[in-house]
Asks: 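Sending over a structure as structure tokens; questions will come in a sec.
All chains are named by letter (A, B, ...) in the order of the sequence lines, taking the proteins before the strands, and each is independently numbered beginning at 1. Bear in mind that the values here come from a model prediction, so they are computed numbers and not experimental data.
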Amino acid sequence: MSKIRITLIDGSEREVEKGLSLGEIAKKINISLAKEAIAGKVNEIKKDLNFKVNENSKIEILTFSSEEGKEIFHHSTSHVMAFAVKELFPGVKFAIGPAIKDGFYYDFDVEKPFTPEDLKLIEQKMKEIIKKDFPFKRIEISKEEALNFFQERKEIYKIELLKEITDQYITLYQVGNFIDLCRGPHLPSTGKIKAFKLLSVAGAYWRGSEKNKMLQRIYGISFDQTSKLEDYLRLIEEAKRRDHRKLGLDLGIFSMHDEGVGFPFFHPKGMVLRNILEDYWRKEHQKSGYWEVKTPIILSKSLWIQSGHWDHYKENMYFTKIDEEDYAIKPMNCPGGILVYKCNLHSYRELPLRMAELGLVHRHELSGVLHGLFRVRCFTQDDAHIFMTPEQIKEEIKGVINLTDRIYRTFGFSYRVELSTKPENAMGSEEIWEKATKSLEEALKEKEISYKVNQGEGAFYGPKIDFHLNDCLGRSWQCGTIQLDFIMPEKFDLFYISKIGEKERPVMIHRTILGSLERFIGILIENYAGAFPLWISPVQVKLLPIADRHLEYGKKIGKKLEENNIRVEIEEINEKIGAKIRKAELEKIPYMLIFGDKEVAEGLVSIRKRGKGDLGSTRLEQFIEDIKGEIEKQSIF
RNA sequence: GCCGGCGUAGCUCAAUCGGCAGAGCAACGGAAUCGUAAUCCGUAGGUUGUCUGUUCAACUCAGAUCGCCGGCUCCA
């Protein structure tokens, strides 16, 4: 029997018999690898485990621990779900059923939407299918045969998909008696799916377009081990426990009301938090050479026509009338900033001119997208507009990246970066867009930051870099954005006087770092589960007297703490110390100071740290010194 | 905006087939003055989101409407 050479991912080579399947090769490499094998890659192309290798190749065996393996695993589970749905609801038509970041979904066209009870039935059926360990069979047929096959079954969505495939041969996959159009690869058999759960049903448009029919989408997740499913479900529970909408209300940070849907109300504790963030933000921006401005919320329609918002952003804007004249509530801060720039004649010596604004903008978002502080109809952008010469672009962008990085780190966030290019409704020439996009790319490359490109997702006036924060549960949130703009300066005829005394056109950067103060506060609440780091905690210290007669001492030390700019509250409720502690713990206050006869007599305080417990007693002066140091450090623990 | 689910006291949740709306926590009053996550007793709290209808009778059934939740689309 002839032999072939295979190269493994670690670079090692070995000789095997020609015509072995990937699964058999896996067994030769390592028996436990063969057990875990999901599919494989031959010369970078994903293949089923029963794919026979007939020539020298680079081989990789995929398991659940790789992203690609996981994806195949989820995708196969979606086929199992579709099979179950076919068994239980014979009339359904099948759309698409891909793997997604967390699990998979399948879109079905059904007469009646699925109910939660239906999900249980489907799960039950899936269990049966998995138990029977059906093999996934790959079928290769001509495009014409495939068309006939799906036409007979009136699978209109599959036919639509098929028509777009230009390959001569089409692959189908069969599990039991469910045959689906699919590129594969798949698990060898359904028995590999050790744990799965159907999570939710939701309406979803065919091909994501509002113009198309709404289908029923079932979301699910699956794992190769039961314990992983349990971990995942725990994570979902944990996320629910941290929900900023609930915590925000409980901790007195903000509230929402029917009287102003999408417009958050900030409560006293929330304002403390917000003001701390703003103070910190201002300090950082002063250090980085920014000036701060404030521009009005309502501005004349003519300004929005000139800026292009009237043509490109009207759907999202609110309007009003003043003295019979049309006005708009600002959805962005840039036109206001531009008017400030235009007040003076600017020399090249002033550039780059960095103008920051904590600007309150209003945007009409569709009612269905509103979500706590994460998605609102009015929010405060930590905006800035930088006016500069074309030569300064790259350095300025790098400067913004540095500032962003520093601010995110302060809160303990890592992040990833995306670059969005020219959208369909863009203003300005192809050439300008190309130049702008290139500057952003170059800055990222020089900073050695890896990024993902989103084709066609830029703003209408320019390409952008987006920053996505990762929180402690592994979720990500869009916050910062850097948008390069050659168009507004043109529209508003901005200029500066160059070295040789001529008028030159500046370039603009629009940028945010926190993104929206409101959203950022929501993220902080969830990331810290409401237990804020000391330096941003609305209340830093709670004073807990053992008995009523110690209240007076408490007021004295409260005053001393206040004199040292420490945010303090005293507990005056008539309760036992255990109850007072419990209350303070639930309020997630970082430090509790407890004092009774002993402390009053000796001028001490007993320190209790949130989540940690009793730290013993110390002199008040010592505590003040320590806590001031800790606040100064902006420690995130 | 679209699809589905849900709206009962400040919060968390009960109320059988359509038959007088109830509990815990919180609040308030009182007793106890207590040493590191809940002391005990009492009081008050409601047009069951809103409107319309069916019915002898509606928290319960139907329709409309507002809001919330999960998604789709969109996004800071």
Side-chain angles (χ1 to χ4, degrees), chain A residues 105 107 110 112-116 118 199-219 240 243 245-246 249-250 255-259 261-262 315-316 331-333 359 361 363-383 457 459 464 466-469 477-481 483 510-520 522-523 544-551 573-587 592-599 606-617:
Chain A
Y105 66 80
D107 285 347
V110 272
K112 261 190 285 170
F114 295 114
T115 64
D118 291 338
L199 299 169
S200 60
V201 217
Y205 301 108
W206 167 238
R207 315 212 116 178
S209 167
E210 292 174 69
K211 294 183 188 96
N212 293 335
K213 182 164 184 187
M214 183 159 270
L215 308 174
Q216 288 297 310
R217 174 173 298 178
I218 303 180
Y219 284 93
K240 227 182 263 170
D243 193 321
R245 293 166 297 186
K246 178 89 178 86
L249 194 66
D250 290 350
S255 62
M256 291 293 193
H257 301 271
D258 292 359
E259 289 81 354
V261 174
E315 304 303 304
N316 286 293
M332 295 188 195
N333 302 302
V361 297
R363 297 182 183 176
H364 180 75
E365 302 289 349
L366 294 178
S367 62
V369 309
L370 301 175
H371 182 102
L373 292 178
F374 287 165
R375 204 61 193 279
V376 290
R377 282 179 173 157
C378 80
F379 57 97
T380 309
Q381 286 185 305
D382 65 319
D383 214 343
E457 310 221 326
K464 58 176 185 169
D466 288 325
F467 292 83
H468 296 256
L469 284 191
W477 309 101
Q478 194 191 329
C479 291
T481 176
Q483 309 181 347
H510 311 239
R511 49 111 282 193
T512 66
I513 291 177
L514 306 178
S516 125
L517 237 63
E518 291 76 4
R519 174 182 286 181
F520 196 75
I523 294 168
L544 310 182
I546 295 284
D548 288 356
R549 65 176 176 279
H550 310 118
L551 256 171
I573 195 171
N574 262 347
E575 274 290 357
K576 303 213 307 201
I577 192 65
K580 293 177 189 172
I581 288 169
R582 180 181 149 80
K583 201 164 160 231
E585 287 279 356
L586 291 175
E587 288 165 4
M592 286 153 258
L593 293 184
I594 299 167
F595 38 90
D597 290 341
K598 197 180 117 207
E599 286 80 5
S606 171
I607 305 168
R608 187 186 162 96
K609 194 167 173 151
R610 169 186 68 196
K612 295 247 162 54
D614 194 356
L615 297 186
S617 60

Asks: Counting only side-chain N and O atoms of A:Y105, is one of them less than 4.0 Å from OP1 or OP2 of B:C72?
Replies: no
Asks: So what does A:D548 touch, heavy atoms closer than 4.0 Å: a base, only the sugar-phosphate, or nothing?
Replies: base
Asks: Using the C1' atom on both, measure B:C25 against B:U39 and round to a whole Å.
Replies: 16 Å
Asks: Between A:R608 and B:A37, does any side-chain N or O lie under 4.0 Å from OP1 or OP2?
Replies: yes
Asks: Would you indicate what A:D597 reaches in the nucleic acid, counting non-hydrogen atoms under 4.0 angstrom: base, sugar-phosphate, or nothing?
Replies: base
Asks: Take A:E599 and A:L593, measure what side-chain contact (heavy atoms from CB on, under 4.5 Å) needs, and give me the verdict at the end.
Replies: CA-CA 10 Å; A:E599 286 80 5; A:L593 293 184; over 6 Å; no
Asks: Taking Watson-Crick and G-U wobble pairs with both distances under 3.5 Å, convert RNA chain B into its dot-bracket string, 5' to 3', dots for unpaired and | for cross-strand pairs.
Replies: (((((((..((((.....[..)))).(((((.......))))).....(((((..]....))))))))))))....
Asks: Taking atom C1' in both B:C41 and B:U36, compute the distance separating them and give it to the nearest angstrom.
Replies: 26 Å
Asks: OP1 or OP2 of B:G70 versus the side-chain N and O atoms of A:R245: is any pair under 4.0 Å?
Replies: yes
Asks: Which value, in whole Å, describes the distance between the P atoms of nucleotides B:U52 and B:G45?
Replies: 26 Å
Asks: When we call it a touch if two heavy atoms are under 4.0 Å apart, what does A:I594 touch: a base, just sugar-phosphate, or nothing?
Replies: base
Asks: Tell me whether the OP1 or OP2 atom of B:C34 has a side-chain N or O from A:K580 closer than 4.0 Å.
Replies: no
Asks: Quick check, does A:F379 stack with B:A76? I mean ring centres under 5.5 Å and planes off by under 30°.
Replies: yes
Asks: For B:G67 and A:H257 - does any side-chain N or O of the residue sit under 4.0 Å from the phosphate oxygens OP1/OP2?
Replies: no
Asks: Any side-chain N or O of A:Q478 under 4.0 Å from OP1/OP2 of B:A76?
Replies: yes
Asks: C1' atom, B:A26 versus B:A9: distance in rounded Å?
Replies: 11 Å
Asks: Could you work out the separation of B:G18 and B:C56 based on their C1' atoms and round it to a whole Å?
Replies: 12 Å
Asks: Contact class for A:G208 vs. all strands (heavy atom < 4.0 Å): base, sugar-phosphate, or nothing?
Replies: sugar-phosphate
Asks: Tabulated below should be each protein N or O lying under 3.5 Å from an N or O of nucleotides 1-4 of chain B; please produce it.
Replies:
from: B:G1; atom 1: OP2; to: A:S367; atom 2: OG; distance (Å): 2.6
from: B:G1; atom 1: N7; to: A:G368; atom 2: N; distance (Å): 3.3
from: B:G1; atom 1: N2; to: A:Y205; atom 2: OH; distance (Å): 2.8
from: B:C2; atom 1: O4'; to: A:Y205; atom 2: OH; distance (Å): 3.3
from: B:C2; atom 1: O2; to: A:Y205; atom 2: OH; distance (Å): 3.4
from: B:C3; atom 1: O2'; to: A:Q216; atom 2: NE2; distance (Å): 3.1
from: B:C3; atom 1: O2; to: A:G203; atom 2: N; distance (Å): 3.4

Asks: Contact class for A:F520 vs. all strands (heavy atom < 4.0 Å): base, sugar-phosphate, or nothing?
Replies: nothing
Asks: Can you tell me if the side-chain N/O atoms of A:R519 get under 4.0 Å from OP1 or OP2 in B:C75?
Replies: no
